[in-house]
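This report refers to the structure that appears directly beneath it.
Start at 1 with the first residue, then count along the sequence. Please read all numbers here as calculations on a predicted model, not as lab measurements.
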Amino acid sequence: INQKKHNYERTFPVYQSEETQTDYENPKAPVYYVVGVGGVEKNTDFQNDQPSWSADRETKYGYLLMSAPDESTFEMVYL
């Protein structure tokens with residue numbers, strides 16, 4: 001799926017369009033990040049209400065910092 005959106009959204013762990021949990025402790029399903037905030041002033045609207053699987057939405061400038069401090073840990077922080 002592809003579209004031109006300039007915003008940020010992070011999901012809870014999601015399987016078949018349903019959140020499997022509302023935290024990130026040993027997630028049993030994928031977590032998705034959409035980070036397209038480089039042109040945020042061009043497009044700040046979300047097309048629908050925030051669904052239950054959506055953990056956070058932002059319409060501000062920012063970036064995603066990703067790190068893997070060891071082979072079993074992957075960290076992501078939106079700044």
Open item on the list: Quick check for you: to the nearest 0.5 Å, what is the distance between Q50 atom CD and E9 atom CD?
Closed with: 6.5 Å

Task: Residues in side-chain hydrogen bond (donor to acceptor under 3.5 Å, both in side chains) contact with E18, at least two apart in sequence or another chain - done: none

- [ ] Taking all non-hydrogen atoms of both residues into account, name the closest pair between Y24 and A55 and its distance.
- [x] OH-CB, 3.1 Å

Task: With sequence neighbours excluded, residues passing side-chain hydrogen bond (donor to acceptor under 3.5 Å, both in side chains) with T11 - done: none

- [ ] Please list, chain by chain and in numerical order, all residues satisfying salt bridge (charged side-chain N to carboxylate O under 4.0 Å, His left out) with E19, sequence neighbours excluded.
- [x] none

Task: Contacts of type side-chain contact (heavy atoms from CB on, under 4.5 Å), residue M66, not counting sequence neighbours - done: L64, F74, M76

TODO: Give the intermediate values and the outcome of side chain to side chain contact (heavy atoms under 4.5 Å, CB included) for residues Y33 and Y8.
DONE: CA-CA 7 Å; Y33 285 78; Y8 164 88; 3.6 Å; yes

- [ ] Could you identify which residues cluster with V14, counting Ile, Leu, Val, Met, Phe, Trp and Tyr as linked when any side-chain heavy atoms lie under 4.5 Å apart, either directly or through a chain of such contacts?
- [x] Y32, W53

Task: Partners meeting side-chain hydrogen bond (donor to acceptor under 3.5 Å, both in side chains) with E75 (sequence neighbours left out) - done: S67

- [ ] Please list, chain by chain and in numerical order, all residues satisfying side-chain contact (heavy atoms from CB on, under 4.5 Å) with D23, sequence neighbours excluded.
- [x] Q21, E25

Task: Sequence-distant partners of T20, side-chain contact (heavy atoms from CB on, under 4.5 Å), two or more places apart - done: P13, Y15, A29

- [ ] To the nearest 0.5 angstrom, please state how far the OG atom of S52 sits from the CZ atom of F12.
- [x] 8.5 Å

Open item on the list: Going by the rule side-chain contact (heavy atoms from CB on, under 4.5 Å), which residues pair with N26 if we only count those two or more places apart in sequence or in a different chain?
Closed with: K28

Open item on the list: I'd like to check the side-chain hydrogen bond (donor to acceptor under 3.5 Å, both in side chains) partners of S72; sequence neighbours left out, ordered by chain and number.
Closed with: D70

